[in-house]
Amino acid sequence: MNVLSIKDLGKIGRDEPLFSGVTFGLNSGEKAALIGRNGCGKSTLLACIAGTLTSEEGSIVTAKECGISFLPQNPAYNPLDTIRDHIFKSESSKLKVIQQYEEVCQKLSASDKLDSKASAQLQDQLDQLSEEMTQRDLWNYESQIKQILTTLGITDLTPTMGSLSGGMAKKVALAQVLIDDTGLLLLDEPTNQLDVQSIAWLEEYLRTTERAVLMVTHDRYFLDNVCSSIYELARKRIKLYTGNYSQYLEKKATEAEIEANTEKRIESVLRTEREWLLRGPQARGTKARARVDAIHRMINREKFAADKGFTFEVAGRRLGGTILELENVSKNWPRPDGSKQNILKDFSYIFRKGERLGIFGGNGTGKSTLLNLLTGSLEPDSGTIKTGVNTVFGYYQQNPQMEMAKEGCHVPTVLEYIQEAAEVITLNNGKTLSATRLLEQFGFEGRMQYSAVTNLSGGEMKRLYLVRLLMGNPNFLVLDEPTNDFDIFTLSILESFLEGYGGCLVVVSHDRCFMDKTVDTMLILDGSGMVSGFVGTCSEYLDFLKQEEKKQLSKEASSKESPAKAKSTSEVQASTEAQASKEDTSTAKAPASATTVRRRTYKEQQEYQSLEEQIMEAEERKEELETLLSGGETDFSKLGDLTEEYNALTAKLEASYLRWEELAELKDY
């Protein structure tokens with residue numbers, strides 16, 4: 001079923017149309033990506049489809065009852081809303097019922113503060129909502145919602161949106177979109193701010209969901225594993241390439257080769273035709289006039305133009321014998337409850353020439369803090385950091401717009417921003433360029449140079465920030481999420497530059513493909529202050545984690561012996577101990593028969609068999625309770641009941657095991 005139809009859509013950009021004549025559609029369940037250069041209008045097109053922007057021409061039609069959920073690059077929210085308020089802001093009647101149910105559960109969890117009448121009223125509401133949840137088959141939907149929230153690390157729904165970090169706010173916005181009851185997802189850079197494990201989960205979710213998906217992303221592994229069609233926005237038009245991103249690259253290369261060869265053939269024909277025109281033939285005949293018209297059509301054709309390229313470069317600065325040395329460095333951050341979180345604990349590391357490190361860890365484990373310590377932007381609580389006299393850092397931070405347009409200061413134009421660093425730039429080949437010419441080489445042409453930096457797209461702003469950073473000729477590059485908002489073309493160029501970069505390199509990035517191509521060693525932060533190392537790429541480390549997880553699961557499975565199996569071990573042990581006791585007391589006055597193990601009575605035998613079954617059932621229930629307790633449950637009333645049952649069951653199991661071991665030491669009846 002067709003869920004989205006777009007016809008002849010057009011939108012005006014800064015100076016000229018961003019795109020025009022855009023026509024395409026999506027079917028239910030289809031997974032498509034929208035790719036193109038920074039500034040070509042990808043985010044604008046998604047916003048037009050979502051209805052947050054209006055287009056100057058064309059039409060957008062969605063299937064009735066389909067519904068659209070839109071995740072923009074920078075989600076808007078009311079800072080006073082709680083996470084629960086934001087997540088359940090939807091027109092879906094299903095979500096409204098679930099929200100009411102969750103709110104009543106939360107109120108009931110504080111029932112000790114309510115009088116009996118209010119508590120009874122809440123219980124009546126809960127019963128009614130529970131019945132409606134059952135009738136509308138919403139329990140499974142609620143379970144899916146909790147799974148999404150838990151996977152994204154959202155376990156407490158009470159904090160306000162204004163109190164969240166940028167990364168957590170993006171996660172909450174993503175969760176809102178994923179749990180919404182709609183048939184079409186529009187996602188603009190959904191992997192930004194997510195850790196690698198969350199990206200892997202999101203990848204699998206989108207790949208298997210029945211909803212249609214149209215997304216903008218630079219993550220090439222993500223594109224390969226999720227998308228079955230690629231829409232390229234280029235030259236103000238859109239073009240479909242069926243297949244994933246790897247297949248798109250193959251088709252694009254073939255297409256470029258054909259276009260280039262066609263252009264050569266046309267130019268060859270035109271050389272001959274121009275000579276014919278210069279001879280001044282009389283175009284009185286029909287054939288002659290048709291030939292002249294054909295020549296003019298060839299001359300005025302839309303000529304093939306290869307994508308304009310650029311190259312990041314630095315002149316190269318020598319590193320000294322001492323580059324950067326950390327000795328017993330520790331750093332803590334205060335928690336809201338007054339305690340301290342260990343970010344680093346007694347961390348020591350000596351950087352050597354050509355070091356290429358990737359920093360790996362979940363959100364909040366201290367990756368950016370470590371980078372700030374390395375570059376001297378932050379002082380450690382203890383320990384020493386020694387920087388070599390010849391070490392020059394180039395520190396690419398996550399939010400360049402904060403540096404480029406500081407509050408209360410003049411917002412520079414694109415040209416002014418580069419001229420602040422240098423009026424004339426010396427390249428590594430010794431040639432010099434003016435700031436204007438340098439900007440032209442990196443795609444900032446004409447009027448764009450006189451636009452405020454805040455008018456640039458996210459990708460354009462970050463490309464400009466990187467250009468200025470490299471103008472300082474650093475020999476130690478520190479990159480904090482450099483791939484966010486870059487288009488794939490710019491990423492490929494940056495990767496090529498870094499592959500040949502001779503200085504030290506430290507990278508934090510959630511982009512697995514980028515990490516695989518730029519670093520060869522990983523430092524892993526576990527969030528408790530400890531740092532471990534792994535020699536290999538990001539993908540190799542993730543494979544290692546999967547293998548370790550399989551080993552652990554296998555180990556746990558093999559260690560969970562049934563009571564029946566354990567019984568035979570106990571019997572052997574009892575028999576061995578009895579025999580040893582027999583031998584040890586052979587010289588004693590007591591007769592040997594005194595050490596013989598007695599048989600169970602009939603009643604004890606019945607108890608023994610019953611205990612085996614009870615223990616196995618109790619272990620299964622215990623595992624179920626552990627799953628429920630770690631599943632992101634936010635209903636405190638339910639949590640209290642589950643915890644109480646879990647504690648009682650644990651105590652009962654301990655007593656049952658003790659009694660079972662006593663009986664296991666006796667012989668069978």
Side-chain angles (χ1 to χ4, degrees), residues 1-5 26-31 46-53 60-72 75-78 80-107 125-152 154-161 164 169-188 190 201-202 205-206 208-215 631-635 638:
M1 182 184 75
N2 186 265
V3 296
L4 175 68
S5 295
L26 287 179
N27 293 322
S28 57
E30 185 177 351
K31 312 299 188 297
L46 282 189
C48 287
I49 297 171
T52 59
L53 283 179
I60 302 171
V61 179
T62 56
K64 188 178 180 181
E65 304 299 328
C66 171
I68 294 177
S69 296
F70 176 42
L71 177 72
Y77 53 81
N78 182 343
L80 299 179
D81 280 347
T82 65
I83 293 177
R84 177 181 282 106
D85 293 335
H86 185 78
I87 283 176
F88 288 103
K89 275 190 175 179
S90 171
E91 297 302 318
S92 167
S93 60
K94 294 180 180 179
L95 281 176
K96 288 188 183 299
V97 172
I98 294 174
Q99 180 185 16
Q100 292 170 12
Y101 173 80
E102 294 288 342
E103 288 174 348
V104 171
C105 286
Q106 185 182 18
K107 290 176 181 177
Q125 290 181 36
L126 184 65
D127 293 340
Q128 293 172 7
L129 289 167
S130 297
E131 180 63 25
E132 186 172 359
M133 294 269 286
T134 301
Q135 291 177 353
R136 300 182 64 174
D137 193 23
L138 298 183
W139 293 112
N140 187 47
Y141 188 18
E142 186 205 26
S143 175
Q144 292 173 8
I145 290 173
K146 288 185 176 179
Q147 181 189 13
I148 290 171
L149 296 176
T150 303
T151 304
L152 292 175
I154 305 169
T155 55
D156 184 0
L157 305 184
T158 58
T160 61
M161 295 297 295
L164 304 180
K170 183 70 179 279
K171 280 188 172 184
V172 172
L174 175 61
Q176 180 199 30
V177 167
L178 295 183
I179 70 175
D180 206 358
D181 184 26
T182 57
L184 174 60
L185 293 175
L186 302 177
L187 309 176
D188 196 351
W201 170 83
L202 179 62
Y205 176 88
L206 294 179
T208 56
T209 183
E210 296 180 356
R211 303 159 81 179
V213 179
L214 178 62
M215 62 181 170
E633 176 63 64
T634 58
D635 180 354
K638 283 187 178 180

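The analysis underlying the following values was restricted to heavy atoms, covering all of them including side chains, and did not include hydrogens, waters or symmetry mates.
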Spacing of [X] atom [atom1] and [Y] atom [atom2] [to the nearest 0.5 Å]:
{"X": "T160", "Y": "H86", "atom1": "OG1", "atom2": "NE2", "result": "12.5 Å"}
{"X": "N2", "Y": "C66", "atom1": "CG", "atom2": "SG", "result": "9.5 Å"}
{"X": "D180", "Y": "L71", "atom1": "CG", "atom2": "CG", "result": "12.0 Å"}
{"X": "E30", "Y": "L184", "atom1": "CD", "atom2": "CG", "result": "10.5 Å"}
{"X": "T150", "Y": "I145", "atom1": "OG1", "atom2": "CD1", "result": "11.5 Å"}
{"X": "I83", "Y": "Q176", "atom1": "CD1", "atom2": "CD", "result": "12.0 Å"}

Donor-acceptor contact below 3.5 Å, side chain [X] vs main chain [Y]:
{"X": "T151", "Y": "Q147", "answer": "yes"}
{"X": "Y141", "Y": "I179", "answer": "yes"}
{"X": "K31", "Y": "T208", "answer": "no"}

Minimum heavy-atom separation for [X] and [Y], please, with both atom names.
{"X": "C105", "Y": "L126", "answer": "SG-CD1, 3.6 Å"}
{"X": "T158", "Y": "D156", "answer": "OG1-OD1, 2.6 Å"}
{"X": "K170", "Y": "D188", "answer": "NZ-O, 4.1 Å"}
{"X": "C48", "Y": "I60", "answer": "O-CD1, 3.3 Å"}
{"X": "I68", "Y": "A50", "answer": "CG2-CA, 4.5 Å"}

Begin from the C-alpha positions of L178 and Y205 and carry the test side chain to side chain contact (heavy atoms under 4.5 Å, CB included) through to its verdict.
CA-CA 9 Å; L178 295 183; Y205 176 88; 3.7 Å; yes

Is there a side chain to side chain contact (heavy atoms under 4.5 Å, CB included) between S69 and L186? Walk through the geometry before answering.
CA-CA 6 Å; S69 296; L186 302 177; over 6 Å; no

Min side-chain heavy-atom separation [X]-[Y] under 4.5 Å:
{"X": "P72", "Y": "T52", "result": "no"}
{"X": "T182", "Y": "R211", "result": "yes"}
{"X": "N27", "Y": "L4", "result": "no"}
{"X": "L157", "Y": "T82", "result": "no"}
{"X": "W201", "Y": "I148", "result": "yes"}
{"X": "S28", "Y": "E210", "result": "no"}
{"X": "R84", "Y": "E103", "result": "yes"}
{"X": "W139", "Y": "S130", "result": "yes"}

Go through the steps to decide whether I87 and L149 satisfy the test side chain to side chain contact (heavy atoms under 4.5 Å, CB included), and finish with yes or no.
CA-CA 10 Å; I87 283 176; L149 296 176; 3.4 Å; yes

Worked verdict on M133 versus I98 for side chain to side chain contact (heavy atoms under 4.5 Å, CB included):
CA-CA 8 Å; M133 294 269 286; I98 294 174; 3.9 Å; yes

Going by side chain to side chain contact (heavy atoms under 4.5 Å, CB included), name the residues that satisfy it together with D81, two or more places apart in sequence or in a different chain.
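Scan of D81 (side chain to side chain contact (heavy atoms under 4.5 Å, CB included), adjacent residues dropped) gives N78, D85, K89, M161.
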
Would you call E132 and R136 a salt bridge, taking side-chain N to carboxylate O under 4.0 Å as the test?
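Between R136 and E132 there is a salt bridge, with a charged N closer than 4.0 Å to a carboxylate O.
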
Please say which of V3, L185, L26 ends up in a side chain to side chain contact (heavy atoms under 4.5 Å, CB included) with L214.
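Testing each of V3, L185, L26 against L214, the sole residue satisfying side chain to side chain contact (heavy atoms under 4.5 Å, CB included) is L26.
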
Step-by-step salt bridge (Lys or Arg N to Asp or Glu O under 4.0 Å) determination, E142 to K146
CA-CA 6 Å; E142 186 205 26; K146 288 185 176 179; 3.6 Å; yes

